[in-house]
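I have placed the structure first, in the form of structure tokens, so that the comments after it can refer back to it.
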Amino acid sequence: MSQGTTNIPIAIGLILMMYPPLAKVDYRLLPQVFRNTKILSISLLLNWIIGPVLMFALALIFLRDYPEYMVGLILIGLARCIAMVLVWNDLAEGSREYGAGLVALNSIFQVFFYSFYAWIFITVLPPYFGFQGAIVDISIGVIAESVAIYLGIPFLLGILSRLILIKIKGEEWYKDVFIPRISPMTLVALLFTIVVMFSLKGELIVEIPLD
């Protein structure tokens, strides 16, 4: 039940899982998020310097005898999380605007830098530590497609829900009636996605923008 690199049931589960948190975002406040250069800089430092280097080190230390798993761990370490960041942020009652803004920012970086990072950490650097480099062909187009599916669709649904429903029913109804009704969808979709993953009977599925 896959189309290209996308597993359709998992995609449906992840999109439904992310929709309620993104429907709660007040998109009028996003410009304030992007003006906070300190938060944006910390996020980029953690996600694109510390995170990849740490996972690369863990892969070399603990998986030196398992090159396939080592490459897999490095790839996961390079991938920025989309779905679970939004879910955990929502469950923790964090700032939805900052959560959405930072996920969007890192997704943009992922589209343009993931292929380059994969080449650096999997092909170029391993020989310097006594390991054979590997060639991983992951194009910008494949990553952009994944980000568009897993982030673009729920973002669009969230924006349209807020714009259309508030205009028709009012902001009070949207916050007090609609949002409480769709909120349980996140956990239900999360459980559905977990069940689908277990039903794959051990097949390895790597969705590029997720960890």
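- Formation of a donor-acceptor pair under 3.5 Å by the Ser43 side chain with backbone atoms of Ile39 is not found in this model.
- In the hydrophobic cluster analysis, where Ile, Leu, Val, Met, Phe, Trp and Tyr join through side-chain heavy atoms closer than 4.5 angstrom, Phe116 is grouped together with Val53.
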Check against side chain to side chain contact (heavy atoms under 4.5 Å, CB included), Asn47 and Leu102: CA-CA 10 Å; Asn47 282 297; Leu102 293 177; over 6 Å; no
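- Glu97 places a side-chain N or O within donor-acceptor distance of the main-chain N or O of Asp26, the cut-off being under 3.5 Å.
- When all heavy atoms of Val33 and Gly101 are compared, the pair lying nearest together is CG1-CA, 4.3 Å.
- The pair Arg28-Glu171 meets the salt-bridge criterion, with a side-chain N (NZ, NE, NH1 or NH2) lying under 4.0 Å from an Asp/Glu carboxylate O.
- Proximity of a side-chain donor or acceptor of Asn89 to a complementary backbone N or O of Val85 within less than 3.5 Å is not detected.
- Counted within 6.0 Å of CH2 on Trp88, heavy atoms from surrounding residues, nucleotides or ligands total 12 or fewer; the atom is thus considered open.
- Rounding to the nearest 0.5 Å places CD1 of Ile15 at 11.0 Å from CG of Leu156.
- Nearest heavy-atom pair across Phe178 and Ser161 is CE2-CB, 4.4 Å.
- Ile166 and Ile168 are members of different hydrophobic clusters when ILVMFWY side chains are connected at heavy-atom separations under 4.5 Å.
- Evaluated for a ring-ring contact (aromatic ring centres under 6.0 Å, His included) with Tyr117, the options Trp48, Phe112, Phe109 yield exactly one hit, Trp48.
- A donor-acceptor contact shorter than 3.5 Å is absent between the side chain of Tyr27 and the backbone of Leu163.
- Between atom CG of residue Leu73 and atom CG of residue Leu78 there is a gap of 9.5 Å, rounded to the nearest 0.5 Å.
- Side-chain contact between Val25 and Ile159 is absent, with no heavy atoms from C-beta onward closer than 4.5 Å.
- Under the 4.5 Å side-chain heavy-atom criterion for Ile, Leu, Val, Met, Phe, Trp and Tyr, Ile164 and Trp173 are members of distinct hydrophobic clusters.
- Within the 4.5 Å cutoff, no side-chain heavy atoms of Pro67 are placed close to those of Phe131.
- Between Ala23 and Arg162 the shortest heavy-atom distance is O-NH2, 3.7 Å.
- Heavy atoms only, all atoms of each residue included: Ile120 and Pro126 are closest at O-CD, 4.3 Å.
- With contacts defined as side-chain heavy-atom distances shorter than 4.5 Å, the pair Val196/Phe192 qualifies.
- Between Phe129 and Phe56, the gap from one ring centroid to the other is short of 6.0 Å.
- For the atom pair Ile74 CD1 and Leu125 CG, the distance stands at 8.5 Å (nearest 0.5 Å).
- Within the structure, no pair that satisfies the salt bridge (Lys or Arg N to Asp or Glu O under 4.0 Å) test touches residues 48-69, not counting sequence neighbours.
- Atoms CG and CG, from Leu86 and Leu22 in turn, are 5.0 Å apart once rounded to the nearest 0.5 Å.
- The cluster map of Ile, Leu, Val, Met, Phe, Trp and Tyr, joined by side-chain heavy atoms under 4.5 Å apart, puts Ile12 and Val188 in different clusters.
- With hydrophobic clusters built from ILVMFWY side chains whose heavy atoms lie under 4.5 angstrom apart, Ile61 shares a cluster with Tyr69.
- Here CG of Leu40 is found 8.0 Å from OH of Tyr98. Values are rounded to the nearest 0.5 Å.
- Judged by distance alone, the side chain of Tyr19 and the main-chain N or O of Phe155 form no donor-acceptor pair under 3.5 Å.
- The backbone N or O of Met17 lies less than 3.5 Å from a partner atom in the side chain of Thr186, making a donor-acceptor pair.
- Distance CG/Leu75 to CE/Met70: 11.0 Å, rounded to 0.5 Å.
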From CA spacing to verdict: salt bridge (Lys or Arg N to Asp or Glu O under 4.0 Å), Arg96, Asp90: CA-CA 7 Å; Arg96 299 182 181 100; Asp90 189 56; 3.3 Å; yes
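- Here the side chains of Lys175 and Pro180 are not in contact, with every heavy-atom distance at 4.5 Å or above.
- Annotation for Gly158 and Tyr174: closest pair O-OH, 4.2 Å, computed over non-hydrogen atoms.
- Closest heavy-atom contact between Leu151 and Ala104: CD2-CA, 4.1 Å.
- The number of heavy-atom neighbours closer than 6.0 Å to CZ of Phe34, taken from other residues, nucleotides and ligands shown, is above 12.
- Residues Leu187 and Leu191 fail the side-chain proximity criterion, which asks for heavy atoms closer than 4.5 Å.
- Using a 4.5 Å heavy-atom threshold, the side chains of Leu16 and Thr193 count as separate.
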